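First up is the structure itself, then whatever we jot down about it.
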Amino acid sequence: MPDAPPAPRKELSAPQKALHKLGLTRDIDLALHLPLRYEDETRVVRLSDAREGQTVQVEGTVTHQEITMRPRRQLLVTLDDGSDTCTLRFFSFYPSHQKALAVGARVRVRGEIRGGFMGRTMMHPAFHAAGGELPDALTPVYPTSAQLPQAYLRKVVASGLARADLSETIPPELLGSLQRVVHGAWTLRDALRYLHHPGPDVSLDALEDRSHPAWQRLKAEELLAQQLSQLTAKRERDALRAPVLRTASGGLHEQLLAVLPFALTGAQRRVGAEIARDLARHVPMHRLLQGDVGSGKTVVAALAAAIAIDSGWQCALMAPTEILAEQHFAKLIGWLEPLLAPLGKRVAWLTGSQKKKQRTEMLALIASGEAALVVGTHAVIQDQVVFQNLALAIIDEQHRFGVAQRLALRSKMGPLAKEGESSPERRGTGFAGPQALPLEGLSGDAQRASDGGEPHMLMMTATPIPRTLAMSYYADLDVSTIDELPPGRTPIVTKVVSDQRRHEVIERIRAQVAQGRQVYWVCPLIEESEALDLSNATETHAELSAALNSSHAPFRRDVSLSKAPEGPALPVQGRVPPPSAEGARERGEAASAAQGGAPVLVGLLHSRMPVAEKKAVMSLFTSGHMGVLVSTTVIEVGVDVPNASLMVIEHAERFGLSQLHQLRGRVGRGAAASACVLLYTPPDGGRLGETARERLKAMAETNDGFEIARRDLEIRGPGEFLGARQSGAAMLRFADLATDGHLLDWARTAAAQMLQQHPAAAEKHIARWLGSKAEYLKA
Ligand code: ADP
Ligand code: MG
């Protein structure tokens, strides 16, 4: 029988599509879609009682109507309610407006009262015919999108709320303590009904700052769901097996410690021991290593990798971009590669820009196990990559990876993870398992670990969150913190400077370059327009090239660097040092440039450049040939050029605090005194906004990443902190950890008890709150 033609799929209407886009698919999602604010249409006030700035509803008769042309075309309507009059002004209007607001019409109008020389005014008020019943609850205003009219959304939310299953999931023995922390006996149903349609007598303040018991109940529920899902994930993971990894006497770990050009800091030793302890257990590690920029996380990662390799297993290291992977792991590879060679082992690279032939070679090395260490970008988690025996996955700058990518890396361990399981993600990730011979000269632990199924995971981040917060929130993540910088760093001096003093900054650059130092100049990312972003950086690049080379030979545009090691033409201005300078690089070059009249090489780096060009520019900068590097935020993390001593951030007011701190961390890596200049441009004639000023002030006042994190938390609240970017945990929509610590404490205790004694209710609670996101929380 021929296949029946596919049934015509029912097209979703535009608002339905918009609902889906907002994630409002289930009744419960609609019920949990809470108002941004409320409008009070429950009462009509007298005009004479309305204060300026108040949004009110009034009812009256139109006594006058005219269209004026000055200062611009507008419709003016005078409304009289018997107590006073008010002018309604419309700059955009239709004939229907004129008709509905004809002299003599009785209308109900809602808007904000303003003063002014024309007397009371409302701009573009909402209006309809007078009379009609007044609602008895406040009217909710929901967060929405352009395709989703407020009136439509109100209707679907109301019906979602009516249909949703809001039965109690919290067991009776936990309700007492819940009611104590939320200050009231609110059920979820009552709380939601109330928050969608509060009565007119409510304290709008308590609703707005979410201190109202109905809000508290909701936030407690949300935190409970987060804690439950994380605890569940932890329990599931604890039931899985991972290979037992131990150092071997005389092995790689020992050798690496011996060749390191420095002694580990106390903090590095401590976190190293925490990681080693985890790796030696047959439960998969799930640990976040947090430490300020420059605190030396990479060496800790290298030591962890050495332990895995010592035990005869493979380790994968992943960084968010190719430049970062290269820059960031160069040292690590420099240390490990020579130690691996005598063992017949190698380091494999996997990146998106690789040539096919090279890639095929690398894939073979990885599959055969000859590559003990695999380093790369997202390319590491692609389907064709088959590890021989992956035991440890390390993710650097983990907040820059999506949750799905982290899950994919975990799945690389292969199909032995759960008996017979072959979920789609696991397709093509063959797993040869540890029957592979243990490395010669290394321990035989691989043999004993042959029941291993999950890799250990180490995630690293330089965007720390306060430790107490991390510990209580991440129920399923162990946190190691490096709270000490390597010795011998000179603190970075940070200056906040108006863009009007830009020329002084350029002079300062000239002086730094004259001393043989190097300089970063970062231009902001303009979210809405990559093109604008680029032109901004390009202009600055031209400006700096011209200014720094002003009294010398006219600068040439886009000099082709055909003699440079990498070959391709580069967006570099200024003359290129002669190839003979290769050996004699170091700082003398740039110094002679600025002093002796030779041009200063100014490079440009932005995200749209081909990878080969980026690499070529980076290598000129890291080798010391380039004095100044102008870039968009591609250098945000990880780049390590100790000779760079000055960081200029243009439009610093547009950056987030942690991003500024990360950028600043690119300097101050050597012994030289370093500085960071935060250039700001106030809006036309005005002052910077309050939060921007607070951010810049925080930067000028402290270099401590944890203090920065604490201030950041204060300035913008932790929602974003713990949101998808930071942790992969679903964002907290309602709770705010800065103010809701008491609710979190309750949720932690309650979650443990509920999981133990009421697993079915726990499951129901997680599904209600997290729906399809629950799976993601396990990454
Ligand atoms: P991050 O934590 O930002 O990744 P890195 O691992 O890149 O920091 O380390 C920053 C710099 O400090 C590197 O040049 C690294 O070699 C160096 N370093 C790391 N640990 C020490 C130490 N204990 N003593 C001296 N220098 C160190
Ligand atoms: Mg790093």
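The structure presented is a predicted model; accordingly, all values stated were derived computationally and were not measured. We count ligands from 1, going down the list as the structure has it; atoms in each ligand are counted the same way. For this chain, numbers begin at 1 and follow the sequence in order.
- For D483 and R270, the salt-bridge test passes: some basic side-chain N is under 4.0 Å from an acidic carboxylate O.
- Here R287 pairs with E274 in a salt bridge; the nearest charged N to carboxylate O distance falls below 4.0 Å.
- Among the atoms of F262, none of the N or O lies under 3.5 angstrom from an N or O of ligand 1.
- Contact annotation for A263 and ligand 1: only backbone heavy atoms (N, CA, C, O) come within less than 4.0 Å of the ligand.
- A salt bridge links R711 and E701; the closest N-O separation between the charged side-chain nitrogens and carboxylate oxygens is under 4.0 Å.
- For ligand 1, the atoms closer than 4.0 angstrom to any heavy atom of S295 are 2 (O), 8 (O).
- Within the listing of ligand 1, atoms 23 (N) sit less than 4.0 angstrom from a heavy atom of L264.
- Polar contact check, K297 against ligand 1: a nitrogen or oxygen pair lies under 3.5 Å apart.
- Between W335 and F262, the two ring planes are perpendicular [angle over 60°; tilted spans 30° to 60°].
- Atom CZ of R693 is surrounded by more than 12 heavy atoms from other residues, nucleotides or ligands within 6.0 Å.
- Not one N or O of P487 is nearer than 3.5 Å to an N or O of ligand 1, by distance alone.
- In Q268, the part holding a heavy atom less than 4.0 Å from any atom of ligand 1 is the side chain.
- Contacts between T298 and ligand 1 below 4.0 angstrom, taking non-hydrogen atoms only, involve backbone and side chain alike.
- If you check the side chains of H651 and E653, you find a donor sitting under 3.5 Å from an acceptor.
- When non-hydrogen atoms are compared, ligand 1 lies under 4.0 Å from the backbone of D292 (N, CA, C, O) but not from its side chain.
- Residue G291 places every heavy atom at 4.0 Å or more from ligand 1.
- Close N/O approach between G294 and ligand 1 is found [any backbone or side-chain N/O within under 3.5 Å].
- Side-chain atoms of Q268 and T265 include a donor-acceptor pair closer than 3.5 Å.
- Here the shortest heavy-atom distance to atom 15 (C) of ligand 1, taken over Q290, Q662, K331, belongs to K331.
- Annotation for ligand 1: atoms under 4.0 Å from non-hydrogen atoms of T265 are 23 (N).
- With hydrogens and angles left out, the side-chain atoms of Q290 and T461 include no donor and acceptor closer than 3.5 Å.
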